[in-house]
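Working notes for the structure below.
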Amino acid sequence: MAKVDVAVLLIDPSIEAKINAKDPPLTGVEVREVVIYAQDAEASWSDDPEHGLRLVVRGKTYAGRELVAYLMPLNEHDPGEGTFKLKTAMAKPA
Amino acid sequence: MGMMKVVTGMSNHRPSQVEAEPTWDEAVAELEAGAPAEVVRSARSVAVEYRYSDGVWRATSPDIVGFVATGQTFAEVKTHAREDLASYLDAAVSIDERCVQQAGVTLGVSRKVVIFEGLAESLASASGFLAVLSPSRATRA
């Protein structure tokens, strides 16, 4: 199984606003909790012809909220470099 | 005066493509259909801030939403914070502990003491405690 280390997660203000506006809302801090700090996060690579290569990560925040985040490697030619941009994220509906 | 060019067509203009947001079920399906990757963590840290107010020590973190630990003593809150976070954080994540300066915080009844940064380690030893109350006494001790 390929290994992936999300060392840095860049969240554009427009993406922060997008996930804040979702129902239920999410924050970039919560996404970072799961993607960068939490134990037991699971991930897989999705290579979509339309959206390109993305890392899909699922895990729980400290408060117990389950979320899925879509990350794009900053350098698609070197996805193992460790820097990713957040494309979107969603929390599990109640 | 030159002639004004009139835009007669918009065929070269393409509105920006807005990506459709996946639903929760679609996102989970995509995760499960993708090539699994083992999540590994290089060394990193979360910040934990300790504050003393109204006779209680409190720990919070700007990196962890909803995290709060309390204790009657600094040692107690530190223990609670570390134990609580150990059950959530990956083993590669260390805790960057800071005492937050709060002017005018009073310790005890008879003296007014301003807590400085670095109190965490100072209170860990008796001489350090004396240094907080009276630097000259700590020198003689």
Side-chain angles (χ1 to χ4, degrees), chain A residues 1-9 18-19 21-22 24 26-48 50-71 79-80 82 87-94, chain B residues 14-50 58-70 77 80-98:
Chain A
M1 187 186 297
K3 294 184 180 182
V4 64
D5 178 10
V6 182
V8 176
L9 180 62
K18 179 169 74 171
I19 64 175
K22 289 197 170 187
L26 264 183
T27 65
V29 176
E30 290 175 296
V31 175
R32 282 198 172 92
E33 277 183 39
V34 170
V35 169
I36 296 185
Y37 300 124
Q39 53 185 256
D40 300 334
E42 59 176 313
S44 71
W45 287 104
S46 171
D47 200 350
D48 185 85
E50 183 180 352
H51 303 299
L53 182 66
R54 298 179 301 180
L55 184 71
V56 188
V57 181
R58 175 169 63 178
K60 286 189 176 180
T61 66
Y62 172 84
R65 301 183 73 195
E66 189 173 355
L67 65 85
V68 172
Y70 283 77
L71 316 183
K87 294 298 290 181
T88 191
M90 65 283 297
K92 185 175 183 180
Chain B
R14 299 188 191 283
S16 59
Q17 295 293 325
V18 177
E19 289 188 25
E21 287 289 303
T23 63
W24 172 260
D25 290 338
E26 288 170 341
V28 171
E30 190 166 353
L31 170 79
E32 293 174 351
E38 180 186 352
V39 177
V40 296
R41 309 263 194 224
S42 50
R44 60 205 60 191
S45 63
V46 294
V48 173
E49 298 173 343
Y50 296 99
R58 185 181 304 267
T60 58
S61 172
D63 300 318
I64 308 289
V65 175
F67 166 71
V68 176
T70 59
V77 71
H80 290 165
R82 289 176 177 178
E83 285 178 351
D84 198 354
L85 289 175
S87 65
Y88 176 72
L89 297 176
D90 186 274
V93 182
S94 61
I95 297 174
D96 177 17
E97 297 173 304
R98 314 161 185 173

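Chain naming here is simple, since letters A, B, ... match the order of the sequence lines and numbering starts at 1 in each.
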remark   = By side-chain contact (heavy atoms from CB on, under 4.5 Å), A:Ser44 pairs with (sequence neighbours left out) A:Val56, B:Leu31
inquiry  = Does any backbone or side-chain atom of B:Arg44 lie under 4.5 Å from a heavy atom of chain A? Answer side chain, backbone, both or neither.
reply    =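 For B:Arg44, the side chain is the part near chain A, not the backbone.
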note = Cut-off 4.5 Å, heavy atoms of chain A, and the answer for B:Pro22 is both
key: Under 4.5 Å from a heavy atom of chain B, the part of A:Ala91 involved   =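 Only the backbone of A:Ala91 comes within 4.5 Å of chain B.
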query = At what distance, to the nearest 0.5 angstrom, does CH2 of B:Trp24 lie from NZ of A:Lys92?
reply =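 That separation rounds to 6.5 Å.
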request  = Working to the nearest 0.5 Å, report the span between NZ of A:Lys87 and CD of B:Glu21.
outcome  = 10.0 Å
query = So which of A:Glu30, A:Lys22, A:Glu42, A:Met1 has the largest heavy-atom pair count under 4.5 angstrom toward chain B?
reply =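 With the most close heavy-atom pairs to chain B, the winner is A:Met1.
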key: side-chain hydrogen bond (donor to acceptor under 3.5 Å, both in side chains) pairs, two or more places apart, involving residues 83-92 of chain B   =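 Every pair satisfying side-chain hydrogen bond (donor to acceptor under 3.5 Å, both in side chains) with a residue in residues 83-92 of chain B: A:Tyr62-B:Asp84.
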query = Among B:Val28, B:Leu89, B:Val93, who wins on heavy-atom pairs under 4.5 Å with chain A?
reply =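 Max contact count across the listed options: B:Leu89.
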inquiry  = Looking only at heavy atoms and a cut-off of under 4.5 Å, which of B:Val40, B:Ile64, B:Val39 has the most pairs with chain A?
reply    =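 The candidate making the most pairs under 4.5 Å is B:Val40.
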task = Of all the heavy-atom pairs spanning B:Pro62 and A:Val29, show the shortest one and how long it is.
result = O-CG1, 3.8 Å
query = Side chains of B:Glu32 and A:Arg58: does their closest heavy-atom pair fall under 4.5 Å?
reply =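 The answer is yes, as the side chains (C-beta and beyond) meet within the 4.5 Å cut-off.
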Within-4.5 Å side-chain heavy-atom neighbours: B:Val46 and A:Arg32 = no
